[in-house]
Peer 1: 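One structure follows; several queries about it will come next.
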Amino acid sequence: MHEEHIHYSIVVPFYNEQENVLPLYMKISEVMDGIGESFEMIFIDDGSRDRTFRILSEIFENDRRVNVLRLRRNFGQTAALKAGFDFARGEVIISMDGDLQHDPEEIPQFIAKIREGYDIASGWRAHRTDNWLTRQLPSRIANWIMARLSGVDLHDFGTTFKAYRREVIQQVALYGDLHRFIPALASLTGATIAEVPIRNIPRQTGKSNYGLSRTIRVALDLISVKFLLNYLTRPFHFFGKLAFTSLAGGGAIGCFLAYDKFWLRQHIMIEHGPLLLIGILLIVSGIQFMSLGLIGEMLSRTYYESQNKPIYSVREVRSRRDEAVDSTRRDSGPWHS
Ligand code: UDP
Ligand code: MG
């Protein structure tokens, strides 16, 4: 029954990183030993086809702070991270890449930010060294749009080097490739976010799993995240606006044509054929938008109610209600003082 208290969980996903596993593990251990507080490592093998899992197993045999999760196939970085987050026990969870592009030496800076009271500390590659055209430019544009859309004022959404309070990250629903948008999604729950400047180290061995095609996927994700951020609990407000615009346009055209036909006795089919078509199109699509919005409302209800998800997130509770039963639960550990 007794469970030791863990301060930090380091979560690292690996996909075909056989050369990088051991050096990274040694570096993390060294840095974390230096901090001198309890920690665990959670290494996820995301269906690697090289010796990654073998090496991870060997590390596991020799170090009881290490946990290894092996996924059944390659699920992608987001799913691998999520598996690690769900498994993590630490009060603070630190995620980083397994390809040595993130330097464990920088972990203490992340921890310091969380200690200051932030819910998330997010890495920021201030000076980038990777390819300008395929990496830096798309990333700049995406970051700029993302900051505008989400209202979360970060320079760099793209890096996975981050620290989070466990309750914050475990509440974020992650799908698809959405790990890039964790800060934005977490801002939904009111999380506070700080930036930590990090070095941008080029990959030494192995190869990157993403190319330029990632840009399109990120762009699509941007749209869905924007939608989730603003309209998750009220999709009808989104589709409703479209519906009204559409119906108003169609209605106006309809009135104009009716006036032409019944007062001026014109043959509107002949005189205003294209306009008639547009009018009809607008009215029909207006009705479509309306229906989509209502269906969205139903889906949103299902989303929240099927899993009893609250539509809010509580930062802290001050109440004497549960005192007799459970007085030690919330304020164990250094962050709740
Ligand atoms: N990764 C993973 N599953 C995947 C792709 C990547 O677990 O399907 C891991 C990979 O091993 C690395 C991290 O995610 O630890 C970042 O991947 P990568 O270096 O390819 O991305 P980049 O740094 O080029 O953005
Ligand atoms: Mg990398």
Side-chain angles (χ1 to χ4, degrees), residues 9-28 41-56 59 66-88 93-104 106-107 122-143 146 154-162 169 174-183 198-219 221:
S9 299
I10 318 290
V11 172
V12 189
F14 294 97
Y15 180 54
N16 298 339
E17 305 280 7
Q18 55 185 9
E19 283 87 12
N20 298 322
V21 175
L22 197 60
L24 181 69
Y25 157 74
M26 303 216 295
K27 203 70 208 273
I28 292 176
M41 288 168 261
I42 297 170
F43 295 149
I44 304 99
D45 171 27
D46 186 15
S48 298
R49 280 182 294 267
D50 63 358
R51 299 184 60 245
T52 298
F53 181 71
R54 285 259 297 282
I55 302 169
L56 285 174
I59 297 173
V66 171
N67 304 265
V68 177
L69 308 178
R70 184 186 199 183
L71 304 189
R72 284 188 191 280
R73 62 168 172 86
N74 178 236
F75 280 89
Q77 200 179 345
T78 300
L81 281 168
K82 180 67 178 155
F85 295 152
D86 289 343
F87 196 80
I93 298 178
I94 295 135
S95 64
M96 59 194 300
D97 284 356
D99 57 2
L100 297 176
Q101 286 193 276
H102 297 155
D103 185 356
E106 291 169 324
I107 290 175
S122 185
W124 167 26
R125 293 160 293 179
H127 303 286
R128 299 195 54 161
T129 53
D130 39 17
N131 187 293
W132 190 83
L133 189 66
T134 59
R135 285 304 178 91
Q136 295 194 34
L137 186 67
S139 158
R140 282 250 166 131
I141 297 171
N143 283 323
M146 196 60 218
L154 289 187
H155 292 91
D156 191 354
F157 285 85
T159 175
T160 40
F161 203 176
K162 289 186 168 71
I169 185 63
L174 284 176
Y175 298 96
D177 284 345
L178 291 188
H179 64 265
R180 295 188 190 87
F181 302 104
I182 290 173
I198 56 172
R199 290 196 301 137
N200 184 201
I201 311 171
R203 211 186 229 276
Q204 302 298 338
T205 61
K207 66 172 179 33
S208 170
N209 293 286
Y210 308 99
L212 194 57
S213 70
R214 156 160 73 182
T215 322
I216 299 160
R217 283 177 286 143
V218 171
D221 283 343

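Residues: numbered from 1 along the sequence shown. Whatever order the structure lists them in is the order used to number ligands and atoms, beginning at 1. We use all heavy atoms of the structure for the numbers below, so side chains are in, but hydrogens, waters and symmetry mates are not.
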Peer 1: Please tell me whether D156 and S122 have a donor and an acceptor in their side chains that are separated by less than 3.5 angstrom.
Peer 2: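 Their side chains do not contain a donor-acceptor pair, so the 3.5 Å distance test is not met.
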Peer 1: Does this structure show an ion pair linking R217 with D221, if we count only N-O contacts that are shorter than 4.0 Å?
Peer 2: no
Peer 1: Who's touching ligand 1 if we go heavy atoms under 4.0 Å?
Peer 2: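 These residues qualify: P13, F14, Y15, E17, D46, N74, G76, Q77, D97, G98, D99, Q101, R135, R203, S208, N209, Y210, R214.
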Peer 1: If I take atom NE2 from residue H155 and atom CG from residue N143, how far apart are they, to the nearest 0.5 angstrom?
Peer 2: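 Between H155 NE2 and N143 CG, I get 9.5 Å after rounding to 0.5 Å.
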Peer 1: Around Y210, counting heavy atoms of other residues, nucleotides and ligands shown, do more than 12 lie under 6.0 Å from its OH?
Peer 2: yes
Peer 1: Just how far is it from atom CD1 of I198 to atom CE of M96, taken to the nearest 0.5 Å?
Peer 2: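 That separation rounds to 9.0 Å.
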Peer 1: Checking N74 side chain against D46 main chain: does a donor-acceptor pair fall under 3.5 Å?
Peer 2: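 Such a contact is found between N74 side chain and D46 backbone.
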Peer 1: Determine the sole option in R70, R72, R73 for which the salt bridge (Lys or Arg N to Asp or Glu O under 4.0 Å) test with D45 is passed.
Peer 2: R70
Peer 1: May I ask you to list the protein N, O or S atoms found at less than 2.8 Å from the Mg ion (ligand 2)?
Peer 2: D99 OD2, Q101 OE1
Peer 1: Could you check whether any side-chain heavy atom of W132 comes within less than 4.5 Å of a side-chain heavy atom of L137, counting everything from C-beta outward?
Peer 2: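 Result yes, sub-4.5 Å side-chain heavy-atom pair found.
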Peer 1: Just so I know, are the side chains of Q18 and F53 near enough to count as touching, which here means a heavy-atom distance under 4.5 Å?
Peer 2: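 Counting from C-beta outward, Q18 and F53 never come under 4.5 Å.
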